[in-house]
Amino acid sequence: MLARARCRHAQRYRGNRRVYSQRFAWKLPEAVRHITALGGWVVRMGGRRAPPLPEMERVIDYARSVDQASEMDIHLMRRARMFIGTTSGFAYVATSFGIPTAMVNALSSVGLLWSTDTRFAWKPVHTRDGRMLSLSEITSERYRWAYPTYESMKRAGLTVQESSSDEILGTVQEVLDISDPSRTGPPPGVDESWERHVKVPGFFGSSRPSKYFLEKYASNLLAAE
């Protein structure tokens, strides 16, 4: 297959500061190897303090390169077949270029301008007693304003878990199908019935949850209030 650049950017918050997630970085190799096994290349984006990736074939750790430049960031994104990222400003560069996106490890208090070619895996959010929040609760006034910082989550009695390797892989596989230039049918994914569980209309823009993520947590995410 024709090799294309694929970009990935990952951050998380602690307190009021953004920090790179070492644990999250180590959950990505399964999805990365899936791409490279198909003949693709992966270009890893991000700041130079990002934790190093394990050595893998057909992977360029551009984030830690001395050749990193803003102009090259934009060029790589513009030429990418797909983007794997999370809820950060750089992800909107992919959206603005119309690049199909796998949005994983995602969490936000405000509505998102994600495109129709975006599939997401939300960070599972749990109450103090271990119950996972539904989509209605995730997007409710009661809970969504607790997400910005670790301290606000703690005050609300909430905890989050990062996207697992299988959730990342399932989301990436779906977006690979969406971005396949030989695809002739409609893009894969779930129907629109999940949207009736979202409290804020258009909260996820034009995107949809990945089919794997939604099916894995259907009993929790689609639960009635």
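When a residue number appears, it is its place in the shown sequence, counting from 1.
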A side-chain contact here means heavy atoms from C-beta on lying under 4.5 Å apart; do [X] and [Y] qualify?
X      : Y      : value
Ile138 : Tyr147 : yes
Leu135 : Phe204 : yes
Lys211 : Glu215 : yes
Asp180 : Leu176 : no
Trp114 : Ser206 : no
Lys216 : Asp166 : yes
Ile84  : Met82  : yes
Ser109 : Pro148 : yes

> Who passes side chain to side chain donor-acceptor pair (under 3.5 Å) against Ser219, sequence neighbours left out?
Replying inline: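 Ser219 satisfies side chain to side chain donor-acceptor pair (under 3.5 Å) with no residue once adjacent residues are dropped.
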
>> Test of understanding: with side chain to side chain donor-acceptor pair (under 3.5 Å), list the residues that count as partners of Thr127, not counting sequence neighbours.
In response: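 For Thr127 the side chain to side chain donor-acceptor pair (under 3.5 Å) partners, ignoring immediate neighbours, are Asp129.
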
[atom1]/[X] to [atom2]/[Y] distance, rounded to the nearest 0.5 angstrom?
X      : Y      : atom1 : atom2 : answer
Ser136 : Leu222 : OG    : CG    : 8.5 Å
Ile74  : Phe90  : CD1   : CZ    : 6.0 Å
Arg48  : Arg64  : CZ    : CZ    : 10.5 Å
Leu76  : Met45  : CG    : CE    : 5.0 Å
Thr87  : Met103 : OG1   : CE    : 7.5 Å
Glu162 : Asn105 : CD    : CG    : 5.0 Å

>> Could you list the cluster mates of Ile178? Members are the ILVMFWY residues connected by side-chain heavy atoms closer than 4.5 Å, either directly or through other members.
In response: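 When side chains under 4.5 Å apart are linked, Ile178 ends up in no cluster with other residues.
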
> Linking Ile, Leu, Val, Met, Phe, Trp and Tyr through side-chain heavy atoms less than 4.5 Å apart, which residues share a cluster with Trp145?
Replying inline: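 Hydrophobic cluster check, Trp145: joined to Val110.
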
Are the side chain of [X] and the backbone N or O of [Y] linked by a donor-acceptor pair below 3.5 Å?
X      : Y      : answer
Thr171 : Phe120 : no
Ser163 : Val104 : no
Asn220 : Ser134 : no
Gln173 : Ile168 : no

Count I, L, V, M, F, W, Y as connected when their side-chain heavy atoms are under 4.5 Å apart, and connections chain through other members. Are [X] and [Y] then in the same cluster?
X      : Y      : answer
Leu107 : Phe213 : yes
Val59  : Leu28  : yes
Leu169 : Tyr217 : no
Tyr212 : Val175 : no

>> Considering only residues two or more places apart or on different chains, which pairs with a residue in residues 95-119 satisfy salt bridge (charged side-chain N to carboxylate O under 4.0 Å, His left out)?
In response: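 Output for this query lists Arg119-Glu174.
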
>> Going by salt bridge (charged side-chain N to carboxylate O under 4.0 Å, His left out), name the pairs with one or both residues in residues 187-198, residues two or more places apart or in two chains.
In response: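 For residues 187-198, and leaving out neighbouring residues, the salt bridge (charged side-chain N to carboxylate O under 4.0 Å, His left out) pairs sorted by first residue read Glu192-Arg208.
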
>> Using every non-hydrogen atom in the two residues, find where Arg44 and Asp61 come nearest and quote the distance to one decimal.
In response: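 Scanning both residues completely, I find the closest heavy atoms to be NH1-OD1, 2.7 Å.
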
Would you mind writing out the side-chain donor-acceptor pairs for residues 152-160 within the sub-3.5 Å range, not counting sequence neighbours?
| residue | atom | partner | partner atom | Å |
| --- | --- | --- | --- | --- |
| Ser152 | OG | Ala146 | O | 2.7 |
| Ser152 | OG | Thr149 | N | 3.2 |
| Ser152 | OG | Thr149 | O | 2.9 |
| Ser152 | OG | Thr149 | OG1 | 3.0 |

> Would you call the rings of Phe203 and Trp122 parallel, tilted or perpendicular, where under 30° means parallel and over 60° means perpendicular?
Replying inline: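 Geometry flag for Trp122 against Phe203: perpendicular rings.
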
Hey, are [Y] and [X] close enough side-chain-wise for a donor-acceptor pair under 3.5 Å?
X      : Y      : result
Asp73  : Tyr62  : yes
Thr118 : Ser207 : no
Ser164 : Glu167 : yes
Arg81  : Ser179 : yes

With a cut-off of 3.5 Å and sequence neighbours excluded, list every side-chain donor-acceptor pair involving residues 93-102.
| residue | atom | partner | partner atom | Å |
| --- | --- | --- | --- | --- |
| Ser96 | OG | Tyr92 | O | 3.3 |
| Ser96 | OG | Val93 | O | 2.7 |
| Thr101 | OG1 | Ile99 | O | 2.9 |

Looking at residues at least two apart in the chain, or sitting in another chain, which of them share a salt bridge (charged side-chain N to carboxylate O under 4.0 Å, His left out) with [X]?
X      : answer
Asp177 : none
Arg131 : Glu137
Glu57  : none

In residues 31-38, what donor-acceptor pairs under 3.5 Å come from side-chain atoms, sequence neighbours left out?
| residue | atom | partner | partner atom | Å |
| --- | --- | --- | --- | --- |
| Thr36 | OG1 | Val32 | O | 3.3 |
| Thr36 | OG1 | Arg33 | O | 3.1 |

